Each structure stands twice: as C-alpha cells, then as structure tokens.
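Report on the following structure.
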Number of protein chains: 2
Amino acid sequence: MKYAAKIEVGLKPGHSNPEGETTARSLVELGFSVEAVDVSKVYTIILEAASAKEAKAKAEEMSKRLLANPTKDNYTISVVEQK
Amino acid sequence: MKYAAKIEVGLKPGHSNPEGETTARSLVELGFSVEAVDVSKVYTIILEAASAKEAKAKAEEMSKRLLANPTKDNYTISVVEQK
C-alpha cells in the first residue's frame with residue numbers, strides 16, 4: 001500500500017534560531033506584534049509499505065539517517081494511507 | 001489571550017521542487033525506495049489576540065504580506081490557544 005509520511009523537523013529548544021528571529025523582526029517591522037517565531041521543515045514522503053507501522057518505521061530511519069541532525073533537531077512523524 | 005498560529009507554506013502543484021527532488025535522490029542512494037518528496041516550511045508564531053478567529057485573521061495577513069509567495073506558494077493555517 002502507498003503511504004504519505006509527514007516528517008516535521010525543527011530545532012531543539014535552546015538552539016539559536018536565526019531564521020525565526022529574522023522572520024519575527026520582519027513581521028514587527030510590518031506592524032504585527034508577535035512574541036516569537038519558530039521555523040521548521042516538513043518532508044512529505046510518498047512510499048510503499050506493507051502497513052502504516054512499517055511506513056512509520058521507514059520514516060523514522062530516514063529521519064535518523066538523513067533528514068534530522070540528532071545534535072540539534074527534534075522530529076515528529078505522522079503517516080496516512082494514500083488513496 | 002496568547003495563541004500559536006501554525007502556518008505551513010508549500011509549493012503549488014506544478015512548480016519545480018528541487019529540494020524535494022534532491023532529498024528523494026539522497027534517500028534512494030541510501031537504499032530507501034521512495035516515490036516522491038515534497039518539502040514545505042512551518043512557521044509557528046506566538047501572538048496575542050482577542051480570539052482564535054482574530055489570531056487566524058492576523059496569521060492570514062502575515063502569510064499574504066510576508067511568509068507566502070502568492071505566485072508559487074500554497075499555505076494552510078491552524079491556531080491553538082497557548083496555556
């Protein structure tokens with residue numbers, strides 16, 4: 001079956017977040033009042049797997065081997081079956 | 001009240017997606033079989049607003065004025081109240 005695995009990769013707390021800070025500053029310059037901005041990245045991966053559990057395990061391995069940096073990134077994975 | 005507005009910005013269908021293609025190629029080189037990879041960005045913005053509706057309207061305006069490029073990007077917004 002075909003699955004879409006959505007992997008959201010963001011910075012662990014305490015790591016500096018220059019993109020979020022720049023975005024917050026730009027929003028303030030435009031007149032918005034914002035307290036903080038975090039930026040993360042979402043990889044939506046279409047893959048074949050026998051079950052949702054297997055798709056999630058594959059996505060977990062992709063995160064560890066390529067998509068997330070274990071030193072500075074957190075990630076969350078959700079899997080949905082594709083029609 | 002304080003809200004977290006989560007704005008996910010991704011490419012409209014039909015736009016070339018070099019980052020996704022490169023990621024897909026790297027995953028294949030690592031031995032994963034993947035069909036496609038899409039990459040999008042999530043801005044989590046902490047802001048003050050009188051209601052969830054107002055927070056969403058502000059996030060909508062931020063997307064239009066700064067975060068999304070109307071020519072090539074789609075975006076979705078979700079809002080949750082912060083404790």
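Every chain is numbered from 1 and lettered A, B, ... according to where its sequence line falls, protein lines coming before strand lines. For the numbers below, each heavy atom of this structure counts, side chains included, while hydrogens, waters and symmetry mates do not. Treat the numbers as computed from the prediction; the structure is a model and nothing was measured.
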**Request:** Could you tell me which portion of B:E61 (side chain, backbone, both or neither) has an atom closer than 4.5 angstrom to a non-hydrogen atom of chain A?
**Result:** both

**Heavy-atom contact with chain A under 4.5 Å, split by part of B:I7** = neither

Separation between [atom1] of [X] and [atom2] of [Y], rounded to the nearest 0.5 Å:
X	Y	atom1	atom2	result
B:F32	A:L47	CZ	CG	10.0 Å
A:E8	B:K6	CD	NZ	4.0 Å
B:K58	A:L27	NZ	CG	11.5 Å

Can you get from [X] to [Y] by hopping between Ile, Leu, Val, Met, Phe, Trp and Tyr side chains that sit under 4.5 Å apart?
X	Y	result
B:I77	A:L30	yes
B:M1	B:I46	no
A:V39	B:V39	no
A:Y75	B:Y43	no

**Message:** Taking every non-hydrogen pair under 4.5 Å, which of B:T44, B:L66, B:V37, B:L67 racks up the most with chain A?
**Reply:**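 Of B:T44, B:L66, B:V37, B:L67, B:T44 has the most heavy-atom pairs under 4.5 Å with chain A.
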
**Message:** Could you report the tightest heavy-atom contact between A:V42 and B:V42, atom names first, then the distance?
**Reply:**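 Closest approach of A:V42 to B:V42: CG2-CG2, 3.4 Å.
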
**Item:** Most contacts with chain B, counted as non-hydrogen pairs under 4.5 angstrom, among A:E48, A:E35, A:K2
**Value:**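 Heavy-atom pair counts peak at A:E35.
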
**Prompt:** Has B:K12 got more than 12 heavy atoms of other residues, nucleotides or ligands less than 6.0 Å from its NZ?
**Reply:** yes

**Prompt:** Is any side-chain heavy atom of B:E19 closer than 4.5 Å to a side-chain heavy atom of A:K41?
**Reply:** yes

